[in-house]
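Values in this document were obtained by computation on a predicted structure and should not be read as measured data.
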Amino acid sequence: QVSGVPLSITITLTNTKASCAPLSGYAIYLWHCTQDGNYSVYSSNNIADNYLRGVQATDANGTVTFTTIVPGCYEGRYPHIHFEVFSSTATATNGGYAILTSQMAIPSAVCTDVYSNVSAYSGNLARFNRTSISSDGIFGDNSAAQMEQQTLKMSGDTSNGYTATVLVGVAR
């Protein structure tokens, strides 16, 4: 069991070529680092260490909800959550190709709140203070409008956890 501040993320997947109609039955693979900034598999080089990763299919409304934790911050990167979109769960779990690979940014105010006020995240604050959206090697070349779309809309607090939503459009 991985500890951290609870986070529930609801992703809505829509078709940008069909008036943003919901995409039902698509799979979303989501992964991120621990509260310490480490990744399962990558940090340990052990494929059996498989945590803070999951695949779920979108429902009739094109939505899926993941229950996880607020990720930590590691050196050189702005706090984020990775995701890939697949045409089906079978494609996602049988080595098929993703139709979209992207990342979601954690709002700065949430990072500051969690990293400043939750002792288990205390090592993240200094790393977070050394980074920004503009200095991030992935997010840094995005416009303000693009970053608005890629940043989770979050509410909650460190005591009760956070909820987040994001709208993801793909051209199908």
Exercise for the section: Test side-chain contact (heavy atoms from CB on, under 4.5 Å) on I9 and T68 and set out the steps. Expected result: CA-CA 8 Å; I9 304 170; T68 188; 4.1 Å; yes
Problem - Heavy-atom check, side chain of E84 versus side chain of L100, under 4.5 Å - result: no
Problem - Pairwise side-chain contact, T101 with H82, heavy-atom cut-off 4.5 Å (strictly under) - result: no
Problem - Heavy-atom side-chain proximity of C20 to N15 below 4.5 angstrom - result: no
Practice task
For residues G4 and Q35, report the shortest heavy-atom separation together with the two atoms involved.
Solution key: CA-OE1, 3.3 Å
Practice task
For R77 and C73, indicate whether the former's side chain and the latter's backbone hold a donor-acceptor pair under 3.5 Å.
Solution key: no
Fill in the blank from the handout: Closest heavy-atom pair, V55 versus A27, reported as atoms and distance to 0.1 Å, is CG1-CB, 4.1 Å
Handout entry: Close side-chain approach of Q56 and Y29, heavy atoms under 4.5 Å
Key = no
Exercise for the section: Starting at CD1 of I11, measure out to OG1 of T65 and round the result to the nearest 0.5 Å. Expected result: 8.5 Å
Fill in the blank from the handout: OG (S135) and CZ (R130) are apart, to the nearest 0.5 Å, by 11.0 Å
Handout entry: Heavy-atom closest pair, residues V70 and L7
Key = N-CB, 3.8 Å
Practice task
State whether the side chain of R53 and the backbone N or O of S40 hold a donor-acceptor pair below 3.5 Å, judged by distance alone.
Solution key: yes
Practice task
Please round to the nearest 0.5 Å and tell me the distance separating atom CZ of F139 and atom CD of Q150.
Solution key: 6.0 Å
Problem - F83 side chain reached by S102 side chain, heavy atoms, under 4.5 Å - result: yes
Handout entry: side-chain contact (heavy atoms from CB on, under 4.5 Å) between I99 and F86, worked out
Key = CA-CA 6 Å; I99 59 174; F86 295 84; 6.0 Å; no
Completion exercise
Of all heavy-atom pairs linking S87 and T91, the shortest is OG-OG1, 3.4 Å
Counting only pairs under 3.5 Å, give me each side-chain donor-acceptor contact of residues 161-170, with atom names and distances, residues two or more places apart or in other chains.
residue	atom	partner	partner atom	Å
Y162	OH	D113	OD2	2.6
T163	OG1	S155	OG	3.1

Practice task
With the side chain counted from C-beta on, respond yes when L152 and I81 share a heavy-atom pair under 4.5 Å apart, and no when they do not.
Solution key: yes
Practice task
Enter the distance from I69:CD1 to C33:SG here, rounded to the nearest 0.5 Å.
Solution key: 8.0 Å
Problem - Nearest non-hydrogen partners of T58 and I28, listed with the distance - result: CG2-CD1, 4.0 Å
Problem - Polar side-chain atom of T151 near backbone of M147 as donor-acceptor pair, under 3.5 Å - result: yes
Exercise for the section: Mark yes or no for whether T34, through its side chain, and N38, through its backbone, hold a donor-acceptor pair below 3.5 Å. Expected result: yes
Problem - Closest contact, heavy atoms only, S24 versus A60 - result: OG-CA, 3.6 Å
Problem - N94 side chain vs A90 backbone, donor-acceptor pair below 3.5 Å - result: yes
Problem - Test ring-ring contact (aromatic ring centres under 6.0 Å, His included) applied to Y74 - qualifying residues, sequence neighbours left out - result: Y39, H80
Handout entry: Q146 side chain vs S143 backbone, donor-acceptor pair below 3.5 Å
Key = yes
Handout entry: Check: S108 main-chain N/O paired with Y78 side-chain donor or acceptor under 3.5 Å
Key = yes
Handout entry: CA sep, side-chain torsions, deciding dist, call: E148, K153, side-chain contact (heavy atoms from CB on, under 4.5 Å)
Key = CA-CA 9 Å; E148 173 71 21; K153 299 347 175 227; 3.7 Å; yes
Problem - Gap between atom OG1 of T63 and atom CG of L13 - 0.5 Å precision - result: 10.0 Å
Exercise for the section: Look up atom CG in D36 and atom CG in N124, then write down how far apart they are to the nearest 0.5 Å. Expected result: 7.0 Å
Problem - Sub-4.5 Å side-chain heavy-atom contact between I138 and Q103 - result: yes
Problem - Heavy-atom side-chain contact between Y115 and N129 under 4.5 Å - result: no
Completion exercise
Sorted by chain and number, sequence neighbours left out, salt bridge (Lys or Arg N to Asp or Glu O under 4.0 Å) with K17 holds for none
